[in-house]
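Take a look at the structure set out below.
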Protein chains: 2
Amino acid sequence: MSIPGTDELQLLHEQICQAIGDIKCIQILYALYEQPRQVTALADLLEISQPTVSRHLTVLRERALVIAERRGPAVIYHLADARVIAVLNMMRQLLRDIHERRATALS
Amino acid sequence: MSIPGTDELQLLHEQICQAIGDIKCIQILYALYEQPRQVTALADLLEISQPTVSRHLTVLRERALVIAERRGPAVIYHLADARVIAVLNMMRQLLRDIHERRATALS
DNA sequence: TAGATATATTCGTATAAGCGAATAAGTGGA
DNA sequence: TCCACTTATTCGCTTATACGAATATATCTA
């Protein structure tokens, strides 16, 4: 894969990176990876206020990273693509290796 | 890989996601992926002021995502781990698929 | 249609983060 | 040591973004 141009970079940043740059969004994504949940369930689980969760979900939905499905008065959210989690897990592995490398370099 | 706990999530966010959440940092990472460069070369290439580039590089260095190597008065920066680019490319592919899926859904 | 439940939105505020100009600090050569 | 070059840091400012309280909207049931 080649180096991205300015336009693609802009899109990449706005639609994915920025969402992943927010820790609460990451929490929400992992919670939805475990299982689809409705808004209040997420708010209770993550101890975030309902409006905040709803706003984050709106953004994630606009970015097409999550999908909303109304079921009665509730709205069930679920991940649109599990690769988001794969990306995050890749970063976690990277983080671990970096720490390990640092520890080795210091010893 | 299991679901990350709060502490790991905090680290992940602070050390990697936040850096990737800045579009100029992404530009810098890709530029260093092409080849190691010194600060002014990056500033010229990306049309960002020297102090701004330097500040971003400092952050990336603290996160151990880039490595600095002094060569005379200049400092050559290079990527610490190419997997950062792999992660970004994975996101790009994800972005493309999302767009494609949207286009298909609308037709 | 009234009420209960769940979600979305608006609003004002507070916090965070990036920016360039100016300046300081480090490095090597004369 | 002085100078030229490169990089790092400080400073004040601006912009962007997240937040909760309050409120509006949507859905279902009776």
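For clarity, every value in this text was computed on a predicted model and none was experimentally measured. A note on names: the letters A, B, ... follow the listed sequences, proteins ahead of strands, and every chain is numbered from 1.
Across all strands shown, Thr40(A) has heavy atoms under 4.0 Å from sugar-phosphate atoms exclusively, and none from any base. As judged by a 4.0 angstrom heavy-atom cut-off over every strand, Arg71(A) is placed among residues making no nucleic acid contact. Within 4.0 Å of Gln38(B), counting heavy atoms only, lie sugar-phosphate atoms of the nucleic acid but no base atom. Looking at heavy-atom distances under 4.0 Å, Arg55(A) makes contact with a base.
Not one side-chain nitrogen or oxygen of Thr58(A) sits closer than 4.0 Å to the OP1 or OP2 atom of dA8(C). OP1 or OP2 of dC19(D) has at least one side-chain nitrogen or oxygen of His56(A) nearer than 4.0 Å. The shortest distance between the side-chain N/O atoms of Thr52(A) and the OP1/OP2 oxygens of dG20(D) is below 4.0 Å. Side-chain nitrogen and oxygen atoms of Tyr77(B) include at least one within less than 4.0 Å of the OP1 or OP2 phosphate oxygen of dA8(D).
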Inset, instruction - Could you walk me through whether Lys24(A) and Glu47(A) pass the salt bridge (Lys or Arg N to Asp or Glu O under 4.0 Å) test, one step at a time? - result: CA-CA 10 Å; Lys24(A) 293 204 169 71; Glu47(A) 297 181 336; over 6 Å; no

Inset, instruction - Could you give me the CA-CA distance, side-chain angles and deciding distance for Leu32(B) and Arg37(B), then say whether side chain to side chain contact (heavy atoms under 4.5 Å, CB included) is met? - result: CA-CA 6 Å; Leu32(B) 295 182; Arg37(B) 296 177 202 266; 4.1 Å; yes

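Rounded to a whole Å, the CD1 atom of Ile76(A) is 13 Å from the C1' atom of dT5(C). Between the P atom of dA6(C) and the CZ atom of Arg70(A) lies a distance of 12 Å, rounded to the nearest Å. Taking atom CG on Leu57(A) and atom C1' on dA26(D), their separation rounds to 17 Å, with Å as the unit. The separation between Glu69(B) atom CD and dT6(D) atom C1' is 16 Å, rounded to whole Å. For Leu60(B) and dT7(D), the CG to C1' distance is 15 Å, given to the nearest whole Å. Between the CD atom of Glu47(A) and the P atom of dC19(D) there is a distance of 14 Å, rounded to whole Å. Rounded to whole angstrom, the span from the NE2 atom of His13(A) across to the P atom of dA16(D) amounts to 12 Å. Atom CD1 of Ile67(B) is separated from atom C1' of dT7(D) by 18 Å (rounded to the nearest Å).
The CG atom of Leu88(A) sits 8.5 Å away from the CZ atom of Arg92(A) when rounded to the nearest 0.5 Å.
Using a cut-off of 4.0 Å between Lys/Arg side-chain N and Asp/Glu carboxylate O, Glu100(B) and Arg102(B) are scored as not salt-bridged.
Checking dG18(C), dA8(D), dT7(C) against the side-chain heavy atoms of Asp22(B) singles out dG18(C) as nearest. Of the listed nucleotides (dC19(D), dT9(C), dA22(C)), dA22(C) has the atom at the smallest distance from the side chain of Pro51(B). Residue Pro73(B) places its side chain closer to dC5(D) than to any other of dA17(C), dC5(D), dA8(C).
In terms of position on DNA chain D, the residue among Gln50(A) and Lys24(A) whose nearest nucleotide sits closer to the 5' end is Lys24(A).
In this structure, Glu69(B) and Tyr77(B) have side chains that are not in contact, with every pair of non-hydrogen atoms separated by 4.5 Å or more.
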